[in-house]
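Each remark here refers to the structure printed beneath this line.
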Amino acid sequence: MSGRPPFYITTPIYYVNDVPHIGHAYTTIACDVMARFKRLDGFDVKFLTGTDEHGQKVEKSAKAAGIDPQAFTDKVSQNFRDLTGLLNISNDDFIRTTEPRHVTSVQALWRTLVENGEIYLGSYAGWYSVRDEAYYGEDELRTDDQGRKFAPTGAECEWVEELSYFFRLSAWTDRLLAFYEANPSFILPPGKRNEVMSFVKGGLKDLSVSRTTFDWGIPVPGDEKHIMYVWLDALTNYITAIGYPETGEGTPYAQYWPGAMHMVGKDILRFHTVYWPAFLMAAGLQPPTRVFAHGWWTVEGEKMSKSLGNVVAPAELLEKYGLDQTRYFLMREIPFGNDGDFSRRAMVTRINSELANGYGNLAQRFLSIIQKNCGAVVPTPGPFTEADNALLDAARGLLATLRAELDVQAFHKALDALWVVVGDANRYIDEQAPWALKKTDPARMATVLYVLAEAVRRVAILTQPFMPGAMAKVLDLLAVPEDARDFAHLDQALVPGTPLPPPQGVFPRHVEEAEGAA
RNA sequence: GGCAGCGUAGCUCAGUGGUAGAGCAGGGGAAUCAUAAUCCCUUGGUCGGGGGUUCAAAUCCCUCCGCUGCUACCA
């Protein structure tokens, strides 16, 4: 227990049947930036990611691979665990829906819902596509000359009737709308909130929450022929990880819930903003605080797809462009929440123009003057001029700006604000021209270099959430102690006389190698 | 079809009533500490078309064209 305010952030649990791609990396990196920012800002952070491992598709894939589902998921889940290492993700936990703690949690939630009269046994009938794992409405289907029915996806459908448990979602329409009204920033960005609200306003039907057509899932307590609906299973991971069903005082649940923020792709927005709050409220629990739906990346202007063969593997990017560069690009290139395009050209432009030329070169130029002319120690400043204070004030103002931007997940704006100060610093060094002061006024030169070092120290501390590796290097170059790199130490200025190591490039320029038209 | 949104400089976008903006790209210049990086100046738009309200519209209203999202159990 600590007095620090709690902050709980989650990625979706990734479906193990997928191969990790840039989209997974994007979601996870965004969460990592939030988590690191909040930690540096003094919050007690819990950051969760993991894998979703149940369902008919997994069962089939396992069968196709000739192994049992558990062995199969053990194997593929590791792909996502590896991804967190690759991306330097600071998650505190990695949950798998096949873990005992999760089975316990989901079954407890189920029992509570049953006790509360929110679940009843009914029967579900409709046109079902095995391939799509989905039911379709009569009006959606196409009938061929032999009377066979086909889904819009082209998959053949069959009439299926099965016993199923239902969740009384219809009863929650008004209470959900009231919840959205009372919590305007529950769903971000605002456009998505409107979509969800208009969907709910259209009225909700009860939701089938169990299946009997396959086995790979969590059994319904007391009626084990039934497997729980995948979303009831999957969504519950967010409270499993904080110890549900233990919710009493002093538990992680009591500490972190309901102050949770779920980061999701726009495709799974409804499950998180309609079903999930309804499940929770029906169980007498509170909905989370924030669900943010981000957009999708295209690649060189085209939709990413297996058939096009243009799926971008995270490892490939990291190898080619570097980890922090990739993290920076993904957070900077498009307004968070919008769709955007990933292009090699844009990537290289940002790396060279903003990282290498803008930031890296700035550090290199004043650090090398210090190295050569100030005895390789933090210079001793004299009185500050108006120009000095202007730059320092700009750097001092960043914390408030970043807090406000990250409060609504505006990562691109946060980076933009940081780079405004980088630009200020580049103008400042040109205007002050310390290389000229070297001969005319060494004391003034020392002041200018000190001001630059201080400004860059602040910028570097605040940029850590986005590029932890590179910023650690910058802070090393400024000899900032490792325990003085959180936001509480922003006002702890550099100490004149502190020895500085020889400067090293932090962001190398990216030079395209000659290569084929790949 | 219904609901919502978008269409502003070559590209990506900001700007929601008061003489059109940023970054990148293009052109010219300065400087030389630095990763041939930086800084300054600059070319460029009848703000999708048309109509209306207003002293004044990219900004409000109507209409047309084009594009996008959502429209339930498709990870």
Side-chain angles (χ1 to χ4, degrees), chain A residues 12-18 23-24 51-52 54-55 57-58 124 126 129 131-137 140 151-153 155 164 166-167 169 190-209 211 229-232 234-235 264-271 274-275 295 332-335 338-341 343 345-346 349-350 352-373 412-413 416 419-420 423 425-438 445 448-449 452 503-511:
Chain A
I13 44 175
Y14 301 115
Y15 199 54
V16 284
N17 244 23
D18 292 339
H24 300 107
T51 45
D52 181 11
H54 290 131
K57 281 188 192 169
V58 171
Y124 197 101
S129 155
R131 193 180 89 186
D132 297 343
E133 269 187 70
Y135 282 93
Y136 291 95
E140 292 180 276
T153 58
S164 170
F166 283 84
F167 171 71
L169 184 63
K192 297 295 181 199
R193 174 173 187 262
N194 294 339
E195 282 182 12
V196 171
M197 287 184 71
S198 81
F199 170 74
V200 174
K201 277 178 188 158
L204 298 169
K205 293 187 212 162
D206 288 351
L207 187 67
S208 164
V209 288
R211 292 290 135 86
Y229 174 56
V230 285
W231 277 106
L232 182 56
L235 289 162
V264 301
K266 63 182 184 179
D267 55 327
I268 55 174
L269 179 64
R270 175 183 308 150
F271 307 108
V274 181
Y275 301 171
R332 178 65 248 253
E333 177 68 2
I334 56 173
N338 290 9
D339 289 344
D341 184 53
S343 80
R345 182 191 171 83
T349 298
R350 293 231 181 247
N352 285 345
S353 164
E354 293 167 17
L355 295 182
N357 300 349
Y359 197 142
N361 184 54
L362 169 68
Q364 189 76 358
R365 57 199 303 212
F366 79 80
L367 284 171
S368 68
I369 305 176
I370 291 176
Q371 195 70 201
K372 290 174 193 162
N373 302 289
H412 60 296
K413 287 190 186 172
D416 190 56
W419 257 255
V420 166
N426 268 316
R427 273 183 290 281
Y428 172 86
I429 192 171
D430 269 345
E431 283 160 13
Q432 302 301 321
W435 49 90
L437 293 169
K438 179 166 64 177
M445 176 190 73
V448 167
L449 295 172
L452 282 162
Q504 290 177 340
V506 178
F507 295 118
R509 285 180 62 78
H510 180 84
V511 181

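Just so we're on the same page: letters track the sequence lines, and every chain starts at 1.
One interatomic measurement links the two molecules: NE2 of A:His54 to C1' of B:C73, which rounds to 19 Å at whole-angstrom precision. Between the CG atom of A:Leu269 and the C1' atom of B:A72 there is a distance of 13 Å, given to the nearest Å. As rounded to whole Å, 7 Å separates atom C1' of B:C73 from atom CZ of A:Arg211. Distance, A:Met197 CE to B:A72 P: 18 Å, rounded to whole Å. Atom CD in A:Glu195 sits about 14 Å away from atom C1' in B:G2, given to the nearest Å. Taking atom CZ on A:Arg193 and atom C1' on B:C70, their separation rounds to 16 Å, with Å as the unit. Atom CD1 of A:Ile268 is separated from atom P of B:G69 by 18 Å (rounded to the nearest Å). Rounding to whole angstrom units, CH2 of residue A:Trp231 and P of B:C73 are separated by 14 Å.
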Checklist entry - How does protein reach along nucleotides 4-16 of chain B, written 5' to 3' as B (base within reach of a heavy atom under 4.0 Å), S (only sugar-phosphate), or - (no contact)? => result -------------

Checklist entry - Can you give one letter per nucleotide of nucleotides 33-43 of chain B, 5' to 3': B if a protein heavy atom sits under 4.0 Å from the base, S if only from the sugar-phosphate, - if neither? => result BBB-SBSS---

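Remark: side-chain polar atoms of A:Asn426 are paired, donor with acceptor, to backbone N or O of A:Gly358 under 3.5 angstrom. Remark: side-chain polar atoms of A:Asn357 are paired, donor with acceptor, to backbone N or O of A:Asn352 under 3.5 angstrom.
When the P atom is compared between B:U71 and B:C60, the two are found 28 Å apart, to the nearest whole Å. Between B:C70 and B:G27, the distance separating the two C1' atoms is 46 Å to the nearest Å. Nucleotides B:G45 and B:A14 place their C1' atoms 15 Å apart, quoted to the nearest Å. One P atom belongs to B:G50, the other to B:C65, and the distance between them is 15 Å to the nearest Å. Nucleotides B:G21 and B:G44 are separated by 13 Å at their P atoms, to the nearest Å. A gap of 15 Å separates the P atoms of B:G15 and B:U59, to the nearest Å. The C1' atoms of B:C64 and B:C74 are separated by 36 Å, rounded to the nearest whole Å. Taking the C1' atom of each, B:A22 and B:U42 are spaced 16 Å apart, rounded to whole Å.
For A:Lys57 and B:A75, the shortest distance from a side-chain N or O to OP1 or OP2 is below 4.0 Å.
Contacts of A:Tyr275 classified as side chain to side chain donor-acceptor pair (under 3.5 Å), with partners at least two apart in sequence or in another chain: none. When the side-chain contact (heavy atoms from CB on, under 4.5 Å) test is applied to A:Glu354, the partners found at least two apart in sequence or on another chain are A:Tyr328, A:Arg332, A:Arg350, A:Trp419. Partners of A:Asp18 according to the side-chain contact (heavy atoms from CB on, under 4.5 Å) rule, which considers only residues two or more places apart in sequence or in another chain, are A:Tyr15, A:His24, A:Phe80.
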Checklist entry - Going through the checks in order, is the side-chain contact (heavy atoms from CB on, under 4.5 Å) test met by A:His510 and A:Leu355? => result CA-CA 10 Å; A:His510 180 84; A:Leu355 295 182; over 6 Å; no

Item to check | Pair assignment for RNA chain B - dot-bracket with | for other-strand partners, Watson-Crick or G-U under 3.5 Å | outcome: ((((((((.[[[[.)..(..]]]].(((((.......))))).....[[[[[..)....]]]]])))))))....

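Using a 4.0 Å heavy-atom cutoff across all strands shown, A:Gly295 reaches no nucleic acid atom at all. Residue A:Leu204 is classed as a base contact, given a heavy-atom separation below 4.0 Å to a base.
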